[in-house]
Each structure stands twice: as C-alpha cells, then as structure tokens.
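Structure, as structure tokens:
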Amino acid sequence: MEKYLINPNHKIAVISKDIYGHFSEHLGRNIYEGIYVGEDSDIPNKNGMRTDVISALKEMGVPVLRWPGGCFADEYHWMDGIGSKENRKKIINTHWGGVVENNSFGTHEFFELCDQLGCDAYINGNVGSGSVREMSEWVEYMEFDGTSPMAELRKKNGREKPWTIKYFGVGNENWGCGGNMEPEFYGNEFNKYNTFVRDYAGRGHIYRIASGPNKTDYNWTEGVMKVSHRHMNGLALHYYTVPGGWGDHGFATEFDDDKYLETIIDAYGIDDCINHHLSVMDKYDREHKVDLVIDEWGTWYNVEPGTNPGFLYQQNTIRDAMVAGLTLNIFNKHADRISMANIAQMVNVLQSVILTDGEKMIKTPTYHVFKMFKPHQNANLLSSYITTDFISRGGDKIPSLIESASEKDGVITSTIANVSLTESKEIKCQVADTDVKDVKAEIITGKKEDHNTFEDPENVITQEFTEFTKSSDGFTAKLPPLSVVSFAIK
Ligand code: AHR
C-alpha cells in the first residue's frame with residue numbers, strides 16, 4: 001500500500017490557469033477545417049468558427065491560445081491577413097506542406113476565436129523574416145485606442161475598439177526555423193525588437209516572452225538569459241516527447257510495450273529539464289523575475305498513414321492520456337515558476353485535444369485529461385507526497401505514480417497518473433487536519449493503444465471511479481494500470 005499525504009495547511013503557489021493553455025498554428029488542418037471553415041461552409045459555424053469544436057473546447061476550458069506559430073510565426077506578415085478576404089495575399093506555407101495559405105484567418109479572426117472561446121490571446125511575432133517596424137505596427141494595430149495610422153486601419157477594417165494582448169512572443173525557435181541564430185545574437189535581437197513592442201494601451205500589461213531552448217539545450221538558456229533577462233517576463237521552453245528521436249518515432253496507435261516505456265520515460269524527463277533550465281536562469285535572475293513558459297509540449301509520432309507528412313496529423317491514445325496526466329501534474333508542481341504552457345497543438349496537429357474529418361469531430365483521450373484537470377486552474381497548489389515504486393527501461397527509471405493536489409473554494413483536487421503498464425496500485429491518502437466528508441472521483445483508463453475514432457467516438461471517455469473507500473481523514477483506493485484518476489475531496 002502506497003502512502004499519499006496532502007497538506008492543505010501548506011499552500012505553495014497559485015497554479016496559473018494558463019498552464020492549461022493551447023497552441024494553434026497555421027499548420028495542416030489545425031486552423032483551416034479544424035477550427036475555421038468560413039461563413040459560407042455547410043459545417044455549422046458562427047462567423048466562420050465551427051460550432052461543434054468551439055462548444056467542445058469551451059466545455060474543456062481553454063484559458064489562453066497561442067497563434068500564429070510556431071515556425072509559421074517567423075514568416076507570417078500580419079498585413080497579409082487583414083482587410084477584405086478576396087484581396088488577401090495567397091502565400092506558400094513553406095514550413096508545413098508547401099500548401100497555399102490564403103490568409104482568410106488573420107488578426108480579426110483570431111480575436112473572434114478568442115472571444116468565442118472566452119480565452120486570452122498569446123500572439124507570437126516575427127523576428128526571423130519580419131522587421132522591427134512590422135512588429136511594432138502590429139501591436140499598435142491591435143492595442144492602440146486613439147488616432148494613429150494603425151488604429152485607423154483597424155477601424156477601417158471594421159474593429160473600432162482595440163483588443164488586449166496578454167502575452168507577446170518575440171520570435172519562435174530562433175535557434176532553428178526562426179533564423180538559426182546563436183543565443184547571444186538572438187538575445188540582442190530580442191532586446192531590439194522588444195523595445196518597439198510598445199505599450200500602446202498605456203497599461204504596461206504585455207507579458208514579453210523570449211524564444212527559449214529546445215529541450216535540454218541549456219547553452220541557449222544561458223546565452224539568452226545573460227543578454228536579455230532584464231527585458232523579458234518569460235522564457236519559452238519547447239519540449240516534445242519523441243520516442244525514437246528524430247528518425248522513426250513509430251505510429252500513434254501501433255506500438256509495443258517497449259515503445260510505450262520509451263515514450264513515458266521521455267515525457268517524464270521534462271521534470272529534470274525544467275529544474276535544470278531554472279537553475280541556469282537563477283544564475284542571472286536570483287529574484288525569479290523571469291518565469292518559465294512551456295509554449296510547446298506534447299507527443300510527436302509518425303503522421304497517420306496516407307496523410308500529408310507536412311501536416312503532422314496523428315491519432316491519440318491512452319498513451320497520450322498518460323503523457324498529459326503526468327506532464328500536467330509536473331507543471332502543477334512547478335506552479336511557482338511556470339506561468340503558462342501550451343500543448344501542441346489544439347486541433348488535428350500532434351497531441352491534439354480534438355480531431356476532425358470534414359463535418360465530423362472527436363474528443364481525444366488528451367481532451368478528457370484536460371477536462372479532468374480543470375479544477376486545478378487558478379487553484380492553490382498544496383504540498384503533497386506519494387510513495388511509489390518505479391518503472392524502468394535500460395538505465396532509466398521513473399515513478400509509477402505521479403500526482404499533484406490543489407485547493408479551490410473548499411474543494412481539494414488530487415490528480416494521480418498510474419503510468420504502469422500492468423500493475424494496479426493501492427494507495428492510502430491522508431489529508432492533514434481535515435475532517436473529510438465527501439470524496440468523488442473520475443477515471444480515464446484502457447489498453448495502451450485505445451483511442452476514439454470517427455466511427456466509435458466514445459471508446460475512451462472519463463467515467464465515475466468507485467474503487468475507493470472514504471475514511472475520516474482521506475480514502476484508500478486501488479488505481480488500475482494505465483489510468484489517470486481525479487479525486488474531489490471535501
Ligand atoms: O508544433 C510544430 C512545430 O514544432 C512548431 O512550428 C515549431 O515551433 C516546433 O518545432
């Protein structure tokens with residue numbers, strides 16, 4: 001029997017709701033078809049946004065959305081995406097499949113999407129192929145509430161009032177697709193571009209994000225922090241779980257036990273990676289003024305057979321639910337230093353929460369995990385600890401049980417992933433100094449390759465979990481292998 005202790009007397013930090021953020025790039029069928037179908041589509045829509053997808057996303061909760069990229073951001077010229085749609089420039093999406101991008105989804109459409117989702121906006125600017133002036137004018141277009149050339153242009157295009165940018169990213173992966181720069185060089189570019197991301201709204205509210213490292217590239221963090229830490233609010237880490245590395249990563253639905261272990265161990269590596277980047281950041285920022293943002297994370301497999309390799313379309317199984325469950329628990333535990341995270345990507349790309357096929361739509365196992373974890377948004381992270389055995393592969397080992405606990409409005413939410421392939425785990429939970437009156441629980445579980453299809457959309461869903469016994473100070477429970485369970489404790 002494993003021991004699980006939750007201490008509601010020790011509140012560590014508020015878990016920013018933005019840790020549950022998403023990312024939508026102009027990539028494959030994410031924006032076009034997945035979200036935006038245009039006003040004239042037969043697929044039911046409101047102002048071009050498909051109503052089925054919006055309603056599912058609202059139910060799950062999207063606090064913040066990053067747009068327009070990714071690699072696409074560093075070749076996006078925002079002026080191509082405003083004004084009458086017939087006249088918008090058609091360009092080649094060189095990064096993603098070489099397809100025509102007709103720019104019918106631009107700045108106005110993005111804010112309409114945020115409005116419909118009820119989420120905040122994270123805009124990613126173009127450093128790689130854009131100018132300082134272009135970036136500055138985009139911010140003026142979006143935020144200035146007075147008389148100026150860009151504010152007049154916005155009004156001419158039908159939007160009187162400015163919008164609010166919560167987060168602004170100055171470039172993306174500038175060590176790679178964003179310009180192949182050296183860290184110190186990018187640091188100087190960041191400082192220059194960021195200077196002209198003016199506070200047009202006069203509220204000093206724009207949170208500035210520097211393009212950060214790829215996974216364990218601590219040298220990038222070192223160089224950028226050295227040159228730019230005084231000018232940024234957050235540094236953006238990208239962490240993809242890529243079983244097999246950048247060769248053959250296997251398919252989303254066909255994989256053996258060894259591939260499962262490889263995936264889950266790689267995913268768990270994000271914890272060490274976060275700690276290591278934070279320790280490098282601390283050398284330059286002892287007062288912790290700069291947060292870590294993880295604005296791209298998730299699994300990356302071979303694309304589904306027969307689909308465009310540049311569209312990064314993959315299915316999503318119980319394995320992905322395990323990755324989501326363990327990763328979100330790790331993010332919660334780092335709530336004092338992580339201000340935002342964005343899973344890649346929201347619809348039809350990589351570890352999506354929604355998949356579409358024409359007018360059909362399904363929710364993935366990852367969707368259900370995000371929904372189960374919703375009560376953690378803006379809750380107080382509590383001190384908690386669970387004993388656990390380990391699972392291993394070669395020389396690597398990780399815990400079987402990965403948990404976090406938080407409190408909001410008198411309810412304690414505890415989420416536990418049992419990532420073991422075969423072993424159920426019995427746990428005894430004790431909540432310190434608490435007279436526990438009621439416990440309710442939900443579970444997502446199945447075989448490792450179980451997933452939803454357009455023919456069988458509810459093969460994997462969350463269900464009420466009853467394999468526990470309440471006690472006066474907690475509960476005992478038996479968690480099946482390959483499960484994520486969420487407890488609501490009152
Ligand atoms: O999410 C897909 C791509 O992965 C993004 O465009 C890029 O930033 C990263 O390499």
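Indexing begins at 1, ligand by ligand and atom by atom, following the structure's order.
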- Message: I'd like to check the side-chain contact (heavy atoms from CB on, under 4.5 Å) partners of N342; sequence neighbours left out, ordered by chain and number.
- Response: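 Partners of N342 by the side-chain contact (heavy atoms from CB on, under 4.5 Å) criterion, ordered by chain and then number, come out as F23, V64, R66, Y122, D295, M340.
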
- Listed by chain and number, what are the side-chain contact (heavy atoms from CB on, under 4.5 Å) partners of N157, not counting sequence neighbours?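 I82, H108, Y141, L153.
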
- Query: Charged N to carboxylate O under 4.0 angstrom, E222 versus K226?
  - Reply: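 Here E222 does not pair with K226 in a salt bridge, since their nearest N and O are not under 4.0 Å apart.
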
- Would you call R88-E109 a salt bridge at under 4.0 Å N-O?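 A salt bridge links R88 with E109.
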
- Query: Passes ring pair (Phe, Tyr, Trp, His ring centres under 6.0 Å), F72 versus H26? Steps please.
  - Reply: CA-CA 7 Å; F72 184 78; H26 287 237; 4.7 Å; yes

- Keeping to residues at least two apart or across chains, list the disulfide bond (SG atoms under 2.5 Å apart) pairs with something in residues 211-273.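 Passing the test, one end in residues 211-273: no pairs.
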
- Task: With a 4.0 angstrom cut-off on heavy atoms, strictly below it, pick out the residues next to ligand 1 and order them by chain and number.
- Result: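 Those residues closer than 4.0 Å to ligand 1 by some heavy atom are F23, E25, L27, G70, C71, W96, N172, E173, H238, Y240, E296, W300, Q345, L350.
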
